[in-house]
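Chain letters run A, B, ... following the sequence lines, proteins first, then strands; residues in each count from 1. When reading the values below, keep in mind they use all heavy atoms of this one structure, side chains included, and skip hydrogens, waters and symmetry mates.
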Amino acid sequence: MAKNLVIVESPAKAKTIEGFLGKDFLVKSSFGHVRDLVKKGLAVDTEKNFEPYYEVSPDKEKVVNELRKLAKAAEIVWLATDEDREGEAISWHLAETLKLNEDDTRRIVFHEITKPAILKAIETPRKIDRHLVDAQQARRVLDRLVGFELSPILWKKIKPSLSAGRVQSVAVRLIVEREREVMNFKSVSAYKVSALFQVGNQQMKAELRQSFDTLEGARAFLEKCKNASFTVSTLDVKPGKRTPAAPFTTSTLQQEASRKLGFSVKRTMVVAQRLYESGKITYMRTDSVNLSELAVGKAKQVISENFGDQYIHSRQYRNKSKGAQEAHEAIRPTYLENNVVDGERDEMRLYDLIWKRTIASQMADAELEKTTAQIAISTTTETFVAQGEVIKFDGFLKVYMESSDEEGDETEKTQEGMLPPIRQGETLAMNTITAVQRFTHHPSRYTEASLVKKLEELGIGRPSTYAPTISTIQDRAYVVKEDRDGRPRGYDVLTLKATQITEEKRSENTGAEKSKLFPTDIGMVVTDFLQQYFPKIMDYNFTASVEEEFDTIAEGKMNWRKMLENFYRPFHHDVEQTSENSERASGERLIGVDPNTGKNMYARVGRYGALVQIGESDDEIKKFASLRKDQRLETITLEDALELFKLPRIIGEFEGKEMKVNIGRFGPYILHNNNFVSIPKTDDPMSIEMDRGVELILAKRKADAEKEIKVFREEGRDDVRLLNGRWGPYLAIGKANYKIPKTTDPATLTLQDCLTMAAAQDEANPNIKRAAAKKAGATKKEPAAKKKAPAAKKKAPAKKAKAPAKKKAPAKKTEK
DNA sequence: CAGTGAGCGAGCTTCCGCTTGACTT
């Protein structure tokens with residue numbers, strides 16, 4: 001048995017380190033945190049000085065047991081988790097759960113995974129830093145208090161199962177606010193003028209400095225140019241340079257992989273994880289831009305060999321964001337000499353990006369020469385400007401160029417080439433001058449990656465949580481990632497050629513969005529609610545300010561329980577106030593008066609999403625209609641709403657049963673005899689007629705018949721069916737589906753065979769959620785034991801207090 | 001798969017940060 005047990009956080013790291021240490025050292029991994037607040041309930045006693053209740057996380061029992069055994073056998077246990085707040089806490093939790101003896105336990109840290117660094121760490125052990133641990137406990141408890149006190153208010157006031165938290169709620173707020181900026185944005189247009197001059201056998205493009213607000217203004221300008229002469233008034237040559245971007249952090253890697261490779265942040269992390277596990281890159285969850293000395297040295301060598309010494313420019317990057325905890329290096333190739341790796345396509349592409357970015361960061365600036373020519377117009381004071389840019393020395397641009405979030409930005413840059421040879425004072429021949437109507441663009445909606453960038457700037461969230469946070473807010477349906485089609489928009493173009501001005505209307509597509517984040521109606525309602533009652537938590541600076549306090553705790557200058565006390569008392573007061581006094585929130589909005597009934601018409605969210613409603617909420621008779629997928633609670637108009645009430649339509653009878661057309665969650669359908677038949681996109685549900693309806697029903701029947709292998713109708717079980725599905729034959733009982741072994745011919749199965757097979761599969765996989773399983777409620781877990789409770793509770797009075805005034809109001813009786 | 005929009009009730013939902021698998025479909 002090894003004398004020394006070293007515990008790190010990740011198994012890949014453990015494997016590497018084991019190679020550096022002798023056979024006296026056994027290196028194991030904790031797989032991150034091993035202990036956390038008890039999963040259910042607050043697990044913090046707010047009346048007992050915020051005593052936290054911890055438990056070994058269920059999925060870590062195994063690891064903990066193993067580590068416990070190994071720790072017992074070892075003489076010395078080395079806790080080598082990361083140097084940041086969370087890492088320190090992991091070590092402390094390990095010490096606690098493994099019941100480590102302080103004398104035989106050493107805390108060590110290292111910043112790079114190299115043999116000398118690790119040997120040095122072993123020589124300079126320390127004790128667990130309790131202040132740092134306390135800062136983590138404060139962070140952990142605060143997040144639990146915020147999340148577990150706010151979420152239940154949402155369940156009560158808006159909808160069950162919703163969630164709120166320090167990070168996710170602010171992320172949603174960013175998207176909601178951006179959407180409103182877009183909605184309120186008023187686009188204005190201006191006429192931008194450019195000219196093409198003939199220089200020798202080349203054309204030179206120049207832009208007019210000013211633009212014109214109106215078509216008349218642009219036309220008047222072109223008129224002035226008709227008989228003008230154009231002279232190069234100044235010619236200016238200036239050197240310039242460009243500097244490479246810093247090596248990748250989690251956030252910048254996600255951004256670039258999104259822009260250059262079209263990866264979602266999740267995909268980026270999955271691929272990076274594989275590269276890390278196979279030892280090709282350093283750790284992928286980091287906020288550090290720092291490269292180890294070893295890496296800088298190696299980069300120098302690689303650049304020298306591949307591009308020459310003049311391309312070398314070693315740089316040390318520093319982190320600008322305050323929250324950075326720098327437990328790791330930047331993300332870089334482990335072996336910089338490998339400019340390609342084998343593996344899947346995505347892995348190769350992401351690796352390529354990481355290699356180029358790392359190498360470029362150690363390369364020389366690009367040197368440019370920027371030429372600016374001003375061209376005077378004899379008939380007016382306005383001037384044209386022509387710009388050219390030439391790369392004198394490519395430097396890092398040889399391997400890598402960072403992309404930008406602004407669409408079209410990159411192409412503009414690369415288009416700027418050298419100006420043709422011109423002299424100051426030279427008169428230029430004009431080919432054409434055009435004035436094009438251009439529109440201002442609303443602020444860009446967030447992509448997953450640009451949201452991560454924003455969160456990082458605000459210091460909200462950590463490298464390990466960016467991707468999960470983005471997933472959470474989509475899972476909760478606060479936000480959706482979508483493409484949206486643009487709409488055509490006309491614009492004017494005026495062209496002056498020789499002395500002829502022509503005018504035409506062209507059309508462009510505008511407003512198209514690709515993979516952008518949009519808030520949902522419920523996302524907006526929740527955000528508004530939280531903003532109204534918990535503005536402090538929703539403040540963009542909330543995280544930053546509590547982070548400062550965590551830092552003070554880490555420095556030993558503040559007690560963590562005291563800090564929580566100061567935060568919690570006023571917060572909890574707000575929670576109680578809101579719980580007692582606030583109205584239910586549904587985003588209700590009066591959109592007008594229904595011309596048919598004279599009643600008010602409202603838009604709001606209900607249990608199943610946004611809806612429009614005719615009549616007051618306490619009216620006896622109301623009418624409802626769901627909003628369609630492309631409609632928003634905040635923007636729907638009375639006209640749109642009235643359209644919605646034209647459905648459902650009865651379009652006729654077939655086989656003695658009526659055919660009803662409506663739009664459901666998956667689009668338009670016809671309901672006939674309890675069967676749903678989808679209406680294809682080519683038909684309009686508003687105008688579809690009886691004959692077409694029958695046609696669709698018959699077509700559906702035919703398709704169903706073809707997928708039917710056998711149904712046990714004679715046996716009286718028409719719910720037991722053998723069907724041909726997308727993945728081959730399968731068994732369906734009611735709404736639950738079961739596999740059929742590949743070796744069996746489904747046609748030979750009897751009813752009994754099917755039932756046995758289904759039962760066997762239910763038995764084998766009790767965890768699979770099958771759609772049916774709603775037979776008898778008898779199989780529920782020990783219902784008897786829980787029946788005791790209700791007698792003790794009496795919540796009736798509380799209920800009565802609510803809205804008593806309105807209840808007895810005489811129901812409005814409007815005659816139709 | 002889809003129509004609803006609320007109601008006596010019971011019990012459930014939920015946070016952020018560390019880490020990697022393991023059930024299918």
Could you say whether the aromatic ring of W155(A) and the base of dT14(B) stack, counting only centre distances under 5.5 Å and plane angles under 30°?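 So no, this residue does not stack on that base, at least one cut-off failing.
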Would you say F148(A) stacks on dT14(B), if stacking means ring centres under 5.5 Å apart and planes within less than 30 degrees?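 Stacked: ring centres under 5.5 Å, planes under 30°.
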Classify [X] by what it touches in the nucleic acid, base, sugar-phosphate, or nothing, heavy-atom distance under 4.0 Å.
X	answer
R274(A)	nothing
S10(A)	sugar-phosphate
P468(A)	nothing
R139(A)	base
V167(A)	sugar-phosphate
A164(A)	sugar-phosphate
G461(A)	sugar-phosphate
Q168(A)	sugar-phosphate
S678(A)	base

Considering only side-chain heavy atoms of [X], which listed nucleotide, [options], is closest?
X	options	answer
E277(A)	dG17(B), dT20(B), dG3(B)	dT20(B)
D84(A)	dT14(B), dA2(B), dC18(B)	dC18(B)
T472(A)	dG3(B), dT13(B), dC15(B)	dC15(B)
R140(A)	dC15(B), dG5(B), dA6(B)	dC15(B)
D82(A)	dC15(B), dT13(B), dT19(B)	dT19(B)
R476(A)	dT14(B), dA2(B), dT20(B)	dT14(B)
K40(A)	dT19(B), dT13(B), dG3(B)	dT13(B)
S161(A)	dT14(B), dT13(B), dG3(B)	dT13(B)
F676(A)	dC16(B), dT20(B), dG3(B)	dG3(B)

Walk me through whether S161(A) and R476(A) qualify under side-chain hydrogen bond (donor to acceptor under 3.5 Å, both in side chains). CA-CA 9 Å; S161(A) 301; R476(A) 296 264 174 278; over 6 Å; no
Hey, could you give me the CG/CG distance between D521(A) and L611(A), rounded to the nearest 0.5 Å?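 Spacing of CG (D521(A)) from CG (L611(A)) equals 10.0 Å.
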CG-CZ distance between L37(A) and R140(A), expressed to the nearest 0.5 angstrom: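 Here the interatomic distance stands at 4.5 Å.
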Between [Y] and [X], do the side chains contain a donor N or O and an acceptor N or O under 3.5 Å apart?
X	Y	value
Y276(A)	S10(A)	yes
E329(A)	T282(A)	no
K13(A)	S29(A)	no

Secondary structure of DNA chain B in dot-bracket form (Watson-Crick or G-U wobble, distances below 3.5 Å, | marking inter-strand pairs): .........................
Base of [N] paired with side chain of [X] (donor-acceptor, under 3.5 Å):
X	N	value
S163(A)	dT14(B)	no
R462(A)	dC18(B)	no
R285(A)	dC18(B)	no

